[in-house]
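This one's a predicted model, so the numbers in the text were calculated from it and none came from an experiment. Letters go in sequence order (proteins before strands), and every chain restarts at 1.
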Protein chains: 2
Amino acid sequence: MPDLDAIDRKILALLQNDSRLTMQELADKVGLSVSPCHRRVKLLEERGVISRYIATVDQKALGLHVSVFISIKLARQKEEDLNRFARAISKWDEVLECYLMTGNRDYLLRVVAADLASYETFLKTKLTRLDGIASIESSFALSQVKYSIALPV
Amino acid sequence: MPDLDAIDRKILALLQNDSRLTMQELADKVGLSVSPCHRRVKLLEERGVISRYIATVDQKALGLHVSVFISIKLARQKEEDLNRFARAISKWDEVLECYLMTGNRDYLLRVVAADLASYETFLKTKLTRLDGIASIESSFALSQVKYSIALPV
DNA sequence: CATGCTTTGGTAAATTATCCCAATATCCGC
DNA sequence: GCGGATATTGGGATAATTTACCAAAGCATG
């Protein structure tokens, strides 16, 4: 995979913040004309550097006032157990992020819910019904100080 | 603010996954013609329900192989201390997420870096130089099991 | 200095977004 | 149920944007 030059990185930085820039605007900002700029963007898409284009939705506008981080310890950590857990997690829309962590081999989940009641429903009807979970610990976010999808380029 | 009906929610669900759908495609999927579909999208934008359109970039393609969760405890938790911390955090591109947490009033940060060396540089030249930090605890992510920006609608 | 390869820039065609207006549907009081 | 007011829809015309093509310019290599 060929490396990203300075212009590619500038394109990525700009599109990570606003993918609705027209090719003309983007080209102006990176100092190219439309044609080569367009070709670079297409190439970044084909190479998978740009993976998708999405709209971001305001969490409060949807009434999702609760953000929770959940630490989970499994009873066993065989590959099969990990895979089974990952498959279950992936199906649930409330779970926005899930990471396999170092240390005591826990998972860390970020979950959103409308309120504490619906979070409780999530716990009771989904998470705690999974087999093989040794412990669950919830930490609630009081506020989102920073949230960005833009990776440093 | 008027409520979101079923079609609005369908629009949001679709655009959260792919904002490059044409109005024609989007209209077909939600069962409207182009005009009212377009008007609904514009309204969702104006009301701030749709906040932005962005491109997502592949973390590995950028060589960012390290994801770290950092728990931070401040020496004092007066509003001024919290604000000062928030301002500093917000400037750093390595910090993708930062939450003020309940409990012992800690912050939880998600930070990305190219490797352990550059993570160490981030710690030494930025985070640990902040005043008023009582303790820092890093937990490393072995793998990203799930990562989504799409809120449940 | 010439050759081959890569990247660029401009133009034209195709696609898509956007706006306007008439028609339809929905809601409310009676 | 009925009539009127309001909100929503659908189609078509126009403007904006994307996309493909080709010639020209830059760049490294021998």
- Query: Between the side chains of D81(B) and Q77(B), does any donor sit under 3.5 Å from an acceptor?
  - Reply: no
- Measure from CG on D5(A) to C1' on dT6(C) and round the result to the nearest Å. 12 Å
- salt bridge (Lys or Arg N to Asp or Glu O under 4.0 Å) between E137(A) and K73(A), intermediate numbers included: CA-CA 9 Å; E137(A) 188 185 324; K73(A) 189 176 289 187; over 6 Å; no
- Query: In terms of hydrophobic clustering (I, L, V, M, F, W, Y; side-chain heavy atoms under 4.5 Å; direct or indirect links), are I149(A) and V153(A) co-clustered?
  - Reply: no
- Query: So if you build clusters from Ile, Leu, Val, Met, Phe, Trp, Tyr with side-chain heavy-atom gaps below 4.5 Å, do L127(B) and L82(B) land together?
  - Reply: yes
- Item | Test item: side-chain donor near acceptor, Y99(A) and S139(B), under 3.5 Å | no
- Item | Length of the CZ-C1' vector between R39(A) and dA23(D), whole Å | 15 Å
- Query: Can you tell me if the side-chain N/O atoms of H38(B) get under 4.0 Å from OP1 or OP2 in dA17(C)?
  - Reply: no
- Whole-Å gap separating P (dT9(D)) and CG (L43(B)): 11 Å
- Note on the structure: Between NZ of K42(B) and C1' of dC19(C) the distance, given in whole Å, is 12 Å
- For Q24(B) and dG12(D), what is the distance between atoms CD and P respectively, to the nearest whole Å? 12 Å
- Query: Are Y147(B) and I54(B) grouped together when hydrophobic residues (ILVMFWY) are joined by side-chain heavy atoms under 4.5 angstrom apart?
  - Reply: yes
- Rounded to the nearest 0.5 angstrom, the CD-CD1 distance for E97(B) and I70(B) is 12.5 Å
- Item | In one Ile/Leu/Val/Met/Phe/Trp/Tyr side-chain cluster, 4.5 Å: L74(A), I89(A) | yes
- Message: I need the L108(B) CG to L108(A) CG distance, nearest 0.5 Å.
- Response: 6.5 Å
Any protein N or O atoms within reach of nucleotides 9-13 of chain C? Criterion: under 3.5 Å, listing atom names and distances.
| unit_1 | atom_1 | unit_2 | atom_2 | d |
| --- | --- | --- | --- | --- |
| dG9(C) | OP2 | S33(A) | N | 2.9 |
| dG9(C) | OP2 | S33(A) | OG | 3.2 |
| dG9(C) | O5' | S33(A) | OG | 3.3 |
| dG10(C) | N7 | S35(A) | OG | 3.0 |
| dG10(C) | O6 | S35(A) | OG | 2.1 |

- Task: Please give the angle, rounded to 10 degrees, between the axes at the start and the end of the helix from dC1(C)-dG30(D) to dC30(C)-dG1(D), where five pairs define each axis.
- Result: 50°
- Message: How many whole angstroms separate atom OH of Y53(B) from atom C1' of dA17(C)?
- Response: 12 Å
Show me the protein contacts with nucleotides 14-16 of chain C, counting only N or O atoms at under 3.5 Å.
none

- Would you tell me whether Q59(B) and S67(B) have side-chain atoms, one donor and one acceptor, within less than 3.5 Å of each other? yes
- May I ask you to evaluate whether R40(B) reaches the phosphate of dT8(D), defined as a side-chain N or O under 4.0 Å from OP1 or OP2? no
- Query: Could you go step by step and tell me if D18(A) and R52(B) meet the salt bridge (Lys or Arg N to Asp or Glu O under 4.0 Å) rule?
  - Reply: CA-CA 7 Å; D18(A) 182 7; R52(B) 39 205 315 229; over 6 Å; no
